[in-house]
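The shown structure was predicted, so the numbers you read here are calculated from the model rather than taken from an experiment.
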Amino acid sequence: MLGWRLEGEFPPEKKVMVALAPHTSNWDFIVAMPFIMALCLKASWLMKKEAFFFPFKNLFKALGGIPTDRSAAGGMAKQVANQFRQNEKMWVAITPEGTRKKTDKWKNGFLRIAYAADVPVLLIAWDFPSKRVVVDSLYRPTGDRDIDMREIQKRFHKYQGRNPQNQTDFDEAA
C-alpha cells in the first residue's frame with residue numbers, strides 16, 4: 001500500500017483505548033483507514049463533530065467514527081466508559097494531541113477514558129520517514145495522570161509525523 005507497512009502485533013485484549021500519534025496531518029487518517037479495513041479491525045474512533053458533514057458524515061460513521069462535542073468537558077470520558085461497559089469487545093481510538101497543529105501539551109481525555117473504563121492503552125504510531133504504522137506497546141495506566149502521560153509520550157518520542165514541526169515537544173509536554 002504505497003510502500004507503507006504495519007509493524008508489531010495486536011494484543012488479544014477485548015477492550016482497549018488506542019492512542020494514535022504523532023497526529024500532524026490529515027494524511028494520518030488516509031494512511032490508517034486502509035490498514036483498519038484490510039485487517040478487518042472493528043475499531044471506533046473519536047473525531048470532532050464538525051468533521052461529520054455531507055458527504056463524509058455517513059462514511060465516517062460507517063468506518064467507526066463517533067462525533068464528539070469538544071465543548072462538553074469531562075462528560076465524554078464517562079460516556080465512552082459507559083459504552084465500554086456495555087460492550088463485550090470494544091476498541092476506541094483517539095489522537096492525544098487533539099489537533100494536527102503544534103500544541104504545548106496533549107489532551108488527557110484518552111487517559112480519563114482508560115481510567116474510567118479500566119482498560120489498557122494501546123500505543124500505535126505513524127512514522128512517516130520509514131512509512132510504518134507501528135503497534136508499539138500496550139500500556140497499563142497507573143492512575144497517576146502525570147506519570148502515565150510522561151511514559152506514553154516517551155514511547156512516542158521516536159516516531160515522526162508527516163509534519164514534524166507540528167509535533168509536541170515532549171520535554172515540555174506532560
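Across all their heavy atoms, Ala116 and Ala81 have their closest contact at CB-CB, 3.5 Å.
A distance of 11.0 Å separates CG in Leu63 from OG in Ser44, rounded to the nearest 0.5 Å. Between atom CD1 of residue Ile113 and atom CG of residue Asp118 there is a gap of 14.0 Å, rounded to the nearest 0.5 Å. Rounding to the nearest 0.5 angstrom, the gap separating the NE2 atom in His157 from the CD atom in Gln153 is 10.0 Å. A distance of 10.0 Å separates CD in Gln79 from CD1 in Ile66, rounded to the nearest 0.5 Å. Between Asn108 atom CG and Asp146 atom CG the span is 9.5 Å, to the nearest 0.5 Å. The distance from atom NE2 of His23 to atom OG1 of Thr103, rounded to the nearest 0.5 Å, is 12.0 Å.
Residues Arg112 and Arg145 are in side-chain contact: their nearest non-hydrogen atoms beyond the backbone lie under 4.5 Å apart. Within the 4.5 Å cutoff, the side chain of Val16 has no heavy atoms near those of the Val121 side chain. Contact of the Trp106 side chain with the Phe156 side chain is registered, since non-hydrogen atoms from C-beta on lie closer than 4.5 Å. With a 4.5 Å cut-off on side-chain heavy atoms, Met17 and Ile94 count as touching. In this structure, Trp27 and Arg162 have side chains that are in contact, with non-hydrogen atoms separated by less than 4.5 Å. Thr24 has its side chain out of reach of Trp126: every pair of non-hydrogen atoms, C-beta onward, lies at least 4.5 Å apart. You'll find the side chain of Lys61 reaches within 4.5 Å of the side chain of Pro67, heavy atoms only. Between Lys89 and Lys15 there is no side-chain heavy-atom pair separated by less than 4.5 Å.
Following chains of ILVMFWY side-chain contacts shorter than 4.5 Å, one cannot reach Phe60 starting from Phe54, and the two form parts of different hydrophobic clusters.
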Hey, mind stepping through Val133 and Ile124 against side chain to side chain contact (heavy atoms under 4.5 Å, CB included) and telling me if it holds? CA-CA 7 Å; Val133 173; Ile124 299 180; 3.8 Å; yes
From CA spacing to verdict: side chain to side chain contact (heavy atoms under 4.5 Å, CB included), Lys102, Gln165: CA-CA 7 Å; Lys102 187 169 183 70; Gln165 71 277 9; over 6 Å; no
Please step through side chain to side chain contact (heavy atoms under 4.5 Å, CB included) for the pair Met149 and Phe110, ending with a clear verdict. CA-CA 10 Å; Met149 188 67 82; Phe110 76 103; 3.9 Å; yes
Run the side chain to side chain contact (heavy atoms under 4.5 Å, CB included) test on Thr168 and Asp104 for me, step by step, so that the C-alpha distance in whole Å, both residues' side-chain angles and the decisive distance to 0.1 Å come before the verdict. CA-CA 6 Å; Thr168 304; Asp104 291 335; over 6 Å; no
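For CG of Asn58, the number of neighbouring non-hydrogen atoms (other residues, nucleotides, ligands) closer than 6.0 Å is 12 at most.
Between Phe84 and Trp91, the distance from one ring center to the other does not fall under 6.0 angstrom.
Checking Asp28 against Ser25 by side-chain atom types alone, no donor-acceptor pair falls below 3.5 Å.
A salt bridge does not link Lys107 to Glu97: none of the charged nitrogens lies less than 4.0 Å from a carboxylate oxygen.
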Can I get a per-line list of side-chain donor-acceptor pairs under 3.5 Å for residues 135-142, giving both atom names and the distance, sequence neighbours left out?
unit_1: Asp136; atom_1: OD2; unit_2: Lys158; atom_2: NZ; d: 3.4
unit_1: Asp136; atom_1: OD2; unit_2: Tyr159; atom_2: OH; d: 2.6
unit_1: Ser137; atom_1: OG; unit_2: Arg155; atom_2: NH1; d: 3.0
unit_1: Tyr139; atom_1: OH; unit_2: Asp148; atom_2: OD1; d: 2.5
unit_1: Arg140; atom_1: NH2; unit_2: Glu13; atom_2: OE2; d: 3.1
unit_1: Thr142; atom_1: OG1; unit_2: Asp144; atom_2: N; d: 3.0
unit_1: Thr142; atom_1: OG1; unit_2: Asp148; atom_2: OD1; d: 2.9
unit_1: Thr142; atom_1: OG1; unit_2: Asp148; atom_2: OD2; d: 3.4

